[in-house]
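First comes the structure, then the notes that go with it.
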Amino acid sequence: VVFTAHNILPHQGNEKKNVDVFQKAYHAFDRIIVHSQATKEELIQTFHVTPDKIAVINHGILPLEYDVQKYENNCHIYDEKYAINGKIVFSALGYQNYYKGTDLLAKVWAETPELRESQNCILIIKGKVNDSSIDLSVVNGINNVIFEPQRISDEEFVYLLRHTDVYLLPYRDISQSGALMTVMTEHIPVLATNVGGLAEPLAVAPIGWVISHPTPENLKQALLDLLDHPEKIKAVKDDSNSWNTVCQHYGWEHIGKQTQQLY
């Protein structure tokens, strides 16, 4: 039995129960695939899994899937709805959970005058809130924040992503992010915390910026630096060589061969 551990433990549910169940499961599997070296080390340290049982195989890029005709028909509607052209757009899209750190982002934006009062930038947080333990309401009423805690259609997600200048990944905990793998296909610069394997693509090529730890102060300083230096964002966006390098590194042909060889 070969098991792919996209995350070491589920992000929802009883933590102790999950640990107990997965402790037994990880020792029952013959081989375990993980997406980063950091995840492999966590398996060894936390669950005492034998190192030679674990294979590190990257998560591949995830191109957008959407109705092209529907997207094109709706673009003018989205243009009127959001009116974000000419702004530096920071985004955190999709399901919102505690482990993603979106509440840290909301708190920092609400408590930092240089961010919440800026006429040059906008923050978009859109997606269903899946975790009752986080409160994002602190951004309600802030003029340069679009906060819509509801499910987002594929076409609207594509529109917002393609109008994003920096995609925010202030995760507290993760092995690897499917959202990051989608963002990379659209060549959108990212700001990510150094947890799990989240920062590994940025070591392959300079496609964004890394925050050492998911703290409000670190996130604040990184956002202010980008707001003050938009040329840094443009330089990353326009660096086609780096985008080609990272997308090739996380391409499915190479990953598929590694997986096939393991089986």
Side-chain angles (χ1 to χ4, degrees), residues 1-11 22 25-26 28-47 49-66 68 91 93-95 99-100 154 157-158 161-162 164 166-171 173-211 233 235-263:
V1 179
V2 180
F3 178 77
T4 299
H6 179 65
N7 294 300
I8 290 288
L9 292 170
H11 291 299
F22 278 78
Y26 283 135
F29 300 135
D30 297 293
R31 297 297 296 275
I32 302 167
I33 297 173
V34 297
H35 299 314
S36 71
Q37 186 63 35
T39 307
K40 177 177 180 178
E41 294 302 323
E42 190 177 351
L43 264 181
I44 295 168
Q45 296 299 322
T46 304
F47 295 95
V49 178
T50 306
D52 59 11
K53 216 172 156 177
I54 308 168
V56 179
I57 300 177
N58 288 328
H59 190 304
I61 56 174
L62 296 172
L64 292 164
E65 294 185 5
Y66 62 101
V68 176
S91 292
L93 308 174
Y95 290 118
Y99 75 91
K100 290 187 175 182
D154 293 338
F157 177 85
V158 173
L161 184 58
R162 289 178 176 171
T164 293
V166 182
Y167 195 89
L168 304 176
L169 298 159
Y171 284 34
D173 179 48
I174 196 70
S175 293
Q176 189 48 274
S177 166
L180 172 58
M181 295 299 144
T182 296
V183 171
M184 290 196 307
T185 66
E186 291 294 312
H187 299 184
I188 308 298
V190 298
L191 177 64
T193 45
N194 189 19
V195 296
L198 198 61
E200 287 184 359
L202 286 81
V204 174
I207 59 165
W209 305 270
V210 178
I211 302 170
I233 301 173
V236 173
K237 267 194 168 185
D238 295 344
D239 187 357
S240 57
N241 287 336
S242 289
W243 290 111
N244 290 337
T245 296
V246 77
C247 287
Q248 184 175 13
H249 183 86
Y250 289 92
W252 283 109
E253 183 177 356
H254 170 62
I255 291 167
K257 287 179 180 177
Q258 285 183 301
T259 307
Q260 187 178 41
Q261 287 168 1
L262 174 64
Y263 275 86

Worksheet entry | Check against side chain to side chain contact (heavy atoms under 4.5 Å, CB included), I188 and V183 | CA-CA 6 Å; I188 308 298; V183 171; 3.5 Å; yes
Discussion item. How close do F22 and I8 get, counting heavy atoms only, and between which atoms?
Written reply: CD2-O, 3.8 Å
Worksheet item: Going by the salt bridge (charged side-chain N to carboxylate O under 4.0 Å, His left out) test, which pairs reach into residues 185-196, not counting sequence neighbours?
Response: R162-E186
Response to the item:
Residues pairing under side-chain hydrogen bond (donor to acceptor under 3.5 Å, both in side chains) where one sits in residues 188-202, two or more places apart or in two chains, turn out to be none
Discussion item. Please enumerate all residues that pass side chain to side chain contact (heavy atoms under 4.5 Å, CB included) together with K237, with sequence neighbours excluded.
Written reply: D165, P189
Discussion item. Which residues pass the ring pair (Phe, Tyr, Trp, His ring centres under 6.0 Å) test with F29, not counting sequence neighbours?
Written reply: F3
Response to the item:
Distance col, row I233:CD1 vs T164:OG1, nearest 0.5 angstrom, shows 11.0 Å
Discussion item. Could you tell me if the side chain of V166 sits less than 4.5 Å from the side chain of W209, heavy atoms only?
Written reply: yes
Worksheet item: How would you list, by chain and number, every residue that makes a side chain to side chain contact (heavy atoms under 4.5 Å, CB included) with A38, sequence neighbours excluded?
Response: S36
Practice prompt. Would you mind reporting whether Y26 and K53 have side-chain heavy atoms less than 4.5 Å apart?
Written response: no
Item to complete: Return the minimal non-hydrogen interatomic distance between L64 and F157, and the atom names on each side.
Response: CD2-CE2, 3.6 Å
Practice prompt. State which residues pass side chain to side chain donor-acceptor pair (under 3.5 Å) with Q248; sequence neighbours excluded, sorted by chain then number.
Written response: none
Discussion item. Q176: which residues meet the side chain to side chain contact (heavy atoms under 4.5 Å, CB included) condition with it, sequence neighbours left out?
Written reply: H35, H59, L180, M181, L198, P201
Item to complete: Measure the CD1-CG distance between I207 and L202 for me, rounded to the nearest 0.5 Å.
Response: 4.5 Å
Practice prompt. Report the distance from atom CG of L161 to atom OG1 of T182, rounding to the nearest 0.5 Å.
Written response: 8.0 Å
Worksheet entry | Qualifying residues under side chain to side chain donor-acceptor pair (under 3.5 Å), relative to D30, sequence neighbours excluded | none
Fill in: Reported CD1-to-CD1 distance for the pair I44 and I54, which is rounded to 0.5 angstrom
4.5 Å
Worksheet entry | Backbone N/O of A179 and side chain of S177: donor-acceptor pair under 3.5 Å | yes
Worksheet entry | Sequence neighbours excluded, every pair satisfying side-chain hydrogen bond (donor to acceptor under 3.5 Å, both in side chains) that has a member inside residues 250-262 | none
Discussion item. Please report the interatomic distance CG(L262) to CD1(I33), rounded to the nearest 0.5 Å.
Written reply: 5.0 Å
Discussion item. Quick check against the 3.5 Å criterion: does Y167 have a side-chain atom that pairs as donor or acceptor with the backbone of M184?
Written reply: no
Fill in: For R31, salt bridge (charged side-chain N to carboxylate O under 4.0 Å, His left out) partners two or more places apart
none
Discussion item. If you define the side chain from C-beta out and look only at heavy atoms, does anything of F47 sit under 4.5 Å from L9?
Written reply: yes
Worksheet entry | Closest approach of A205 to V246 (non-hydrogen atoms, all atoms of both residues) | CB-CB, 4.2 Å
Response to the item:
Contacts of S242 meeting side chain to side chain donor-acceptor pair (under 3.5 Å) (sequence neighbours excluded), chain-then-number -> D239
Worksheet item: Does W243 have any ring pair (Phe, Tyr, Trp, His ring centres under 6.0 Å) partners at least two apart in sequence or in another chain, and if so, which?
Response: H187
